[in-house]
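Quick caveat, the model's predicted, so the values are computed rather than measured. These values consider heavy atoms only, across backbone and side chains, with no hydrogens, waters or symmetry-generated copies. Along the sequence shown, residues carry numbers from 1.
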Amino acid sequence: MTDLTTLLEVGGPVAALGGGAAYTRAKHPAAYWSAVGGPISTVRLLSSYGSVMEACGLTVAPSRLRVLAVKATTRREVRAVPPRRGILRPTSTGLRLRLRLAPGQEPADVAASAERLRHAWGVHAVYVTTVKPGAVELRLVGYDVLRQVRMPRKVDTGLLKVPVALREDATPFVRDYRTVPHQLTLGATLSGKSMYLRHLIAGLASQPVALVGIDCKRGVELAPFAARLSALATDPDEAAELLPVLVKEMEDRYDLIKDRQGVAPGTPDEEITSDVWGLPESERPVPIVLFVDEVAELFLTATRKDEERRDEMVTQLIRLAQLGRAAGIYLEVCGQRFGAELGKGATMLRAQLTGRVCHRVNDEASAKMALGDIAPEAVYAACAIAPEMPGLAVAGDTSGGWSRIRTPYLSLGDAAKTCREAAHLVPNLPSLKLFRPDVPAHPVEAPASAVRPRPVTD
């Protein structure tokens with residue numbers, strides 16, 4: 001009886017501790033990793049590094065000098081040599097470890113064993129990146145960072161750089177318009193596409209950039225940010241008037257660049273340029289980012305007159321996509337579906353959009369429209385996105401690389417407040433003055449609804 005009482009006294013706290021650890025792991029994975037998961041994985045890695053490398057086939061035969069030294073000093077067996085391990089560095093989401101590859105190895109050998117390393121060391125995922133010739137870095141992620149997104153505190157930002165989401169390897173996904181000038185973002189209803197767009201606008205609001213919007217849903221997506229927009233078109237008719245103005249602005253900027261190129265002999269090379277970024281800062285026009293929400297609305301037609309208007313708008317969008325980068329004009333095209341069935345020019349426009357972000361879509365064909373021509377293997381990852389994970393997407397570019405990302409939550413009110421606070425940063429562009437949206441002095445309160453909810457019954 002005494003032994004049973006002692007067992008109950010000891011087992012109670014142990015069970016409570018185990019239950020608390022399980023709860024923390026499910027609800028607060030970052031805290032669990034820092035307190036429990038990280039130390040356990042560190043001990044596993046340090047104690048089993050050599051045997052795990054040998055089991056994964058990442059060891060090589062030792063050199064003759066090493067064999068002679070071992071035989072001369074000891075009688076133990078000469079074992080294969082694993083990659084030389086660097087200092088193990090803990091992070092808030094996992095571990096980082098640099099490896100010096102053995103002669104004859106390549107980074108692809110380590111990447112092929114990433115899944116084995118994950119199970120051997122008890123982490124959520126292992127990612128391999130090349131640091132320099134002969135050296136790779138292992139990024140061990142301790143838990144699913146996309147389940148509860150927390151952006152890193154320190155992110156490399158700058159002009160036209162917006163940290164908009166978190167990658168599955170716990171690094172930030174930064175939308176850099178200087179590197180990837182134009183992008184296509186696809187996603188079904190409630191997939192998180194609007195949240196992604198919201199982060200972009202809020203991130204650019206505090207920068208010296210002109211924001212232009214085309215929202216053919218009567219402006220319901222972009223109108224809350226009207227205080228920071230230089231121009232806004234809320235239907236196809238207004239868009240048909242706005243796009244020629246942007247094309248004319250682009251042509252004027254090319255004239256400015258051309259005048260600068262008419263230099264005299266002996267002019268320094270740094271003063272000769274082929275885009276706006278080579279102009280002196282005092283002469284450089286402000287960058288323009290054009291957001292097109294529900295791009296399919298620009299393609300749909302009902303009459304022959306609509307077809308003529310559609311052809312003109314598509315031609316102007318293609319011209320902006322082909323020539324806009326050098327003039328400092330960038331495109332962010334969003335929609336639920338974007339393929340050849342929209343009409344003439346759709347495929348040509350899509351080919352000019354370097355970046356691709358695909359949220360959850362309703363069919364495989366839509367995912368192929370976004371990613372099939374740049375990263376075919378990413379199509380299956382996009383089709384596997386669950387409806388209960390809004391904001392999760394697959395991001396790729398024309399280099400063939402891709403990764404899963406997820407946008408953190410940002411309320412519409414907070415994004416609109418950011419735009420209102422940055423309203424003084426709206427640049428002076430006379431060509432867009434006619435399209436500047438009206439902004440009320442005070443937020444308009446919605447009238448009380450006359451609809452009463454039905455009573456709850458059994």
Side-chain angles (χ1 to χ4, degrees), residues 33 38-74 76-142 145 152 154-156 166-174 176 178-180 374-378 381 395-405:
W33 169 258
I40 293 177
S41 295
T42 301
V43 172
R44 285 181 178 177
L45 192 152
L46 296 177
S47 62
S48 63
Y49 176 77
S51 59
V52 169
M53 289 290 145
E54 185 175 2
C56 293
L58 297 177
T59 56
V60 296
S63 62
R64 293 184 179 180
L65 181 62
R66 184 184 181 91
V67 172
L68 293 176
V70 171
K71 289 183 176 180
T73 56
T74 63
R76 57 190 179 89
E77 179 184 1
V78 180
R79 303 184 62 180
V81 180
R84 191 169 61 184
R85 186 183 74 237
I87 300 175
L88 188 63
R89 299 177 180 178
T91 65
S92 60
T93 58
L95 303 169
R96 295 173 62 183
L97 177 65
R98 183 168 295 190
L99 302 181
R100 170 70 67 177
L101 299 179
Q105 291 182 332
E106 60 176 354
D109 298 333
V110 183
S113 302
E115 190 67 14
R116 297 183 180 183
L117 299 177
R118 178 179 82 88
H119 289 284
W121 294 330
V123 294
H124 177 74
V126 175
Y127 300 95
V128 182
T129 56
T130 302
V131 179
K132 59 182 180 179
V136 297
E137 184 180 72
L138 299 184
R139 180 180 290 271
L140 284 68
V141 181
V145 295
K154 296 181 179 180
V155 182
D156 182 19
L166 186 69
R167 298 181 187 269
E168 58 184 345
D169 61 353
T171 59
F173 174 75
V174 179
D176 187 356
R178 297 284 300 276
T179 303
V180 182
I374 62 171
E377 63 275 8
D397 53 47
T398 52
S399 66
W402 63 276
S403 62
R404 295 199 312 159
I405 64 172

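Residues passing the side-chain hydrogen bond (donor to acceptor under 3.5 Å, both in side chains) test with Thr129: none are found, sequence neighbours excluded. Take Asp169 and apply the side chain to side chain contact (heavy atoms under 4.5 Å, CB included) test, not counting sequence neighbours, and it matches Tyr127, Arg139, Arg167, Thr171. Listed by chain and residue number, Arg175, Thr354 satisfy the side chain to side chain contact (heavy atoms under 4.5 Å, CB included) test with Val180 (two or more places apart in sequence, or in another chain). Evaluation of the side-chain hydrogen bond (donor to acceptor under 3.5 Å, both in side chains) rule for Glu106 yields no partner, not counting sequence neighbours. Residues meeting the side chain to side chain contact (heavy atoms under 4.5 Å, CB included) test with Thr91, sequence neighbours left out: Thr93, Arg96.
Closest non-hydrogen pair, Gly134 versus Arg100, comes out as O-CD, 3.4 Å. Closest heavy-atom contact between Ala170 and Pro152: O-CG, 4.2 Å. Across all their heavy atoms, Glu168 and Val145 have their closest contact at O-CG2, 3.7 Å. In terms of heavy atoms, Arg85 sits closest to Leu45 at CD-CD2, 4.1 Å. For the pair Ser92 and Trp33, the tightest heavy-atom approach, listed with the atom from each and the gap, is O-CD1, 3.9 Å. Nearest heavy-atom pair, Gly104 versus Asp109, reported as atom, atom and distance to 0.1 Å: O-OD2, 4.4 Å.
Within the 4.5 Å cutoff, the side chain of Val136 has no heavy atoms near those of the Val131 side chain. Two residues are said to be in side-chain contact when any heavy atoms from C-beta on lie closer than 4.5 Å; Pro83 and Tyr49 meet this criterion. Counting only heavy atoms from C-beta outward, the side chains of Ser113 and Leu58 approach each other to under 4.5 Å. Two residues are said to be in side-chain contact when any heavy atoms from C-beta on lie closer than 4.5 Å; Val128 and Leu99 fail this criterion.
In this structure, Leu88 CG and Leu140 CG are separated by 8.0 Å, a value rounded to the nearest 0.5 Å. With rounding to the nearest 0.5 angstrom, the NZ atom of Lys132 is 12.0 Å from the CD atom of Glu137. Taking CD from Glu54 and OG1 from Thr59, the interatomic distance works out to 5.0 Å, rounded to the nearest 0.5 Å. In this structure, CG in Leu95 is found 12.5 Å from CZ in Arg89, a value given to the nearest 0.5 Å.
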> Which is it for Leu166 and Ile405 under the side-chain contact (heavy atoms from CB on, under 4.5 Å) test, yes or no, and what are the steps along the way?
Replying inline: CA-CA 5 Å; Leu166 186 69; Ile405 64 172; over 6 Å; no
Which atom pairs, one a donor and one an acceptor, fall under 3.5 Å between side chains of residues 115-123 and the rest of the protein, sequence neighbours left out?
from: Glu115; atom 1: OE2; to: Arg118; atom 2: NE; distance (Å): 3.2
from: Glu115; atom 1: OE2; to: Arg118; atom 2: NH2; distance (Å): 2.8
from: Glu115; atom 1: OE2; to: His119; atom 2: NE2; distance (Å): 3.3
from: Arg118; atom 1: NH1; to: His124; atom 2: O; distance (Å): 3.4

